[in-house]
Asks: 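Got a structure for you, written out below as structure tokens; questions coming shortly.
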Number of protein chains: 2
Amino acid sequence: MPHPIDLALTASLIGDATRAGMLSRLLEGPARTAGELAREAGISPQTASGHLAKLLEGNLVRVEVQGRHRYYRLANPDVARALEALSLLVPTRVAPVRVPEPLRFARTCYDHLAGTLGVAMAEGLEQRGLLESSEDTYALTPSGERFVAKWGVDLEELSQGRRAFARRCLDWSERRAHVGGALGAALAERLFALRWIARRPEGRGVRLTVEGRRGFEKSLGLSWP
Amino acid sequence: MPHPIDLALTASLIGDATRAGMLSRLLEGPARTAGELAREAGISPQTASGHLAKLLEGNLVRVEVQGRHRYYRLANPDVARALEALSLLVPTRVAPVRVPEPLRFARTCYDHLAGTLGVAMAEGLEQRGLLESSEDTYALTPSGERFVAKWGVDLEELSQGRRAFARRCLDWSERRAHVGGALGAALAERLFALRWIARRPEGRGVRLTVEGRRGFEKSLGLSWP
DNA sequence: CACCTGCTTCGGCATGTGCCGAAACGTCGA
DNA sequence: TCGACGTTTCGGCACATGCCGAAGCAGGTG
């Protein structure tokens, strides 16, 4: 752990509403000029400049100079991760997050399964001792390896790739983790192939089929109304 | 993402040196009473009480009342994760606070370099724009390719192999990333060959030689007491 | 060169917040 | 019931910091 003073210094950079807004926008959108950030935040260019100088000093953003424009972006992926980790701590106001019900129940997150279903699967695997979580990754236990093999996941093949094996991917609608990485992608791919889940016509939404409902019930004891 | 104002509110709870110190202690140690936390922080009980009330309100800690004592602890594992994610963003000071024990300072992790030295090398390369990190891999920039070639790394050969090129390997003693994968192995191999580092007689410990100390100082500006 | 534009630096004002002294509250033990 | 102790609440002070107006700097353009 770093010295508390340094930790506080970094946290206080995010701990200002204006700067937090800038960082949130940079987290979700492309690089922006100082002027754009000022307008979006509703503050004068001087003030924005001061904030950006601090963020730069704290190594939360980096800047690319193009002529008289200065494009700011998040300094590195760690910053994005820290912002997301902090977001999870924000006390929920009234409704947790307003997500349309279908999307909230199940959707794809890049190439793996997210939403209530994705989280339930991860936690079901964990409760049955098939999956173990560490700080930000998952690992299959020996019985877990046999279990996913029954679904048709080829572990040999997965471990070849350069991709992280199984990442704990934080779910923004559930505020809990689901399985990402190579394993997450392979699980989703198999569940589609087994027709336990099916893509909705458009968007990232996913539907649980009748077979899927039965399958999850039988294999992991998961059930839904 | 939550509203930026709420994000800022939560971050600013950590963004005070005194509170950050309390949270750090709670992260590493057992639950403590309000009075203990006050003494450890070197502030009056009233002031500590105010801080703890804020942390409680922000749901970063929870409290257990036992008679006239109040035991505070972190509210949940998400808080610990957020603190650690934030710690990663703290700009590195070159001199570590504590004199590191041998293993902590430098060791091999499979076939690449880990510990304070491994992390410092990775971050030194990154700060100089020689290495870029994405989610779980590293990539050499063009200037980085020239740099490692000077150490005798044969990039042609590395890219032949089936192994992941450069993995971000999380260091358990430092809680930060160092370079793994094929590049990490090649760097370690070259540093041994150049006699910048040497294996300790037994175990995985690694020693920094006088040449190594000079070399890291000159090439990456790293120095140790 | 002059001029516009994007951005930063400087100075002063106002608000926010960390700190402690004083005092109150609740629990425990004599 | 009383006093000791751990903790919280209240009030006021001092410092830190966000804000903007004014001014300065540097790149692009005619």
Side-chain angles (χ1 to χ4, degrees), chain A residues 3-26 29-73 75, chain B residues 3-26 29-73 75:
Chain A
H3 195 79
I5 290 183
D6 297 325
L7 177 63
L9 237 46
T10 300
S12 67
L13 289 177
I14 311 175
D16 170 83
T18 307
R19 286 193 295 262
M22 289 175 163
L23 291 170
S24 292
R25 287 172 190 280
L26 288 176
R32 291 162 151 75
T33 67
E36 285 169 342
L37 286 166
R39 278 190 298 279
E40 288 176 351
I43 55 175
S44 66
Q46 316 88 288
T47 304
S49 176
H51 284 307
L52 290 168
K54 284 179 185 169
L55 292 175
L56 209 53
E57 164 86 21
N59 203 32
L60 293 190
V61 302
R62 61 196 158 95
V63 66
E64 194 177 321
V65 180
Q66 267 179 34
R68 53 187 168 182
H69 296 276
R70 279 160 181 248
Y71 285 90
Y72 287 89
R73 68 187 71 214
Chain B
H3 194 79
I5 290 184
D6 297 325
L7 177 63
L9 236 45
T10 300
S12 67
L13 288 177
I14 312 175
D16 170 81
T18 307
R19 285 193 295 263
M22 289 174 163
L23 291 170
S24 292
R25 285 171 191 280
L26 289 176
R32 283 146 208 255
T33 66
E36 284 170 343
L37 286 166
R39 278 191 299 279
E40 289 177 354
I43 55 176
S44 67
Q46 316 88 288
T47 304
S49 175
H51 284 307
L52 290 168
K54 285 179 185 171
L55 292 174
L56 210 51
E57 165 86 21
N59 203 32
L60 294 190
V61 302
R62 63 197 157 94
V63 66
E64 193 177 321
V65 180
Q66 266 179 36
R68 52 187 168 183
H69 296 275
R70 277 158 182 250
Y71 284 90
Y72 287 89
R73 67 189 72 214

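Each chain gets a letter, A, B and so on, in the order the sequences are listed, and its residues count up from 1. What you see is a predicted model, and the numbers here were worked out from it, not measured in a lab.
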Asks: Tell me the interatomic distance from Arg68(A), atom CZ, to dG27(D), atom P, rounded to whole angstroms.
Replies: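 Taking atom P of dG27(D) as the reference, CZ of Arg68(A) is at 11 Å.
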Asks: Could you list where the contact with chain A starts and ends along DNA chain C, reading 5' to 3', using a 4.0 Å heavy-atom cut-off?
Replies: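 For DNA chain C, the relevant span reads dC4(C) to dT9(C).
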Asks: Quick test of your reading: applying salt bridge (Lys or Arg N to Asp or Glu O under 4.0 Å), list the pairs with at least one residue in residues 40-57 of chain B, sequence neighbours left out, ordered by first then second residue.
Replies: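 For residues 40-57 of chain B, and leaving out neighbouring residues, the salt bridge (Lys or Arg N to Asp or Glu O under 4.0 Å) pairs sorted by first residue read Arg25(B)-Glu40(B), Arg32(B)-Glu40(B).
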Asks: Heavy atoms under 4.0 Å, any strand shown: does Tyr71(A) hit a base, just sugar-phosphate, or nothing?
Replies: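 The residue Tyr71(A) makes no contact with any strand.
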Asks: Donor-acceptor pair, distance only, cut-off 3.5 Å: does the side chain of Ser24(A) make one with the backbone of Ala20(A)?
Replies: yes
Asks: Please state how far atom CZ in Arg70(B) lies from atom C1' in dC5(D), giving the value in whole angstrom units.
Replies: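 So the CZ-C1' distance, Arg70(B) to dC5(D), works out to 14 Å.
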Asks: Tell me: NE2 of His51(A) to C1' of dT17(D), nearest whole Å?
Replies: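 Those two atoms, NE2 and C1', are 9 Å apart.
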Asks: Sorted by first residue and then second, give each salt bridge (Lys or Arg N to Asp or Glu O under 4.0 Å) pair with at least one member in residues 7-18 of chain A; sequence neighbours left out.
Replies: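 Passing the test, one end in residues 7-18 of chain A: no pairs.
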Asks: Between P on dC15(D) and CG on Asp16(B), what's the gap in Å once rounded to a whole number?
Replies: 17 Å
Asks: Both Lys54(A) and Gln46(A) contact DNA chain D. Which one's nearest nucleotide lies toward the 5' end?
Replies: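 This one resolves to Lys54(A).
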Asks: Tyr72(B) has an atom OH; how far is it from atom P of dG6(D), in whole Å?
Replies: 15 Å
Asks: Under a 3.5 Å distance rule, please check whether Arg70(A) uses its side chain to pair with a backbone N or O of Thr33(A) as donor and acceptor.
Replies: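 Absent.
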Asks: Please determine if a side-chain N or O atom of Arg19(A) lies less than 4.0 Å away from the OP1 or OP2 oxygen of dG18(D).
Replies: yes
Asks: Are Thr47(A) and dC19(D) close enough that a side-chain N or O sits under 4.0 Å from OP1 or OP2?
Replies: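 Indeed not, no polar side-chain atom of Thr47(A) lies that close.
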Asks: Taking CG from Leu37(B) and P from dG6(D), how many angstroms apart are they, rounded to a whole number?
Replies: 14 Å
Asks: Heavy-atom nearest nucleotide on DNA chain D for Gln66(A) versus Pro45(B): which residue maps closer to 5'?
Replies: Pro45(B)
Asks: Would you confirm whether Ser12(A), through its side chain, and Gly15(A), through its main-chain N or O, come within 3.5 Å as a donor-acceptor pair?
Replies: no
Asks: Output, in order, the C-alpha distance, side-chain angles, deciding distance and verdict of salt bridge (charged side-chain N to carboxylate O under 4.0 Å, His left out) for Arg73(A) and Glu64(A).
Replies: CA-CA 8 Å; Arg73(A) 68 187 71 214; Glu64(A) 194 177 321; 3.3 Å; yes
Asks: Is Arg19(A) reaching over with its side chain to a backbone N or O of Leu13(A), donor-acceptor style, under 3.5 angstrom?
Replies: yes
Asks: To the nearest angstrom, how far is Leu52(A) atom CG from dC19(D) atom P?
Replies: 12 Å
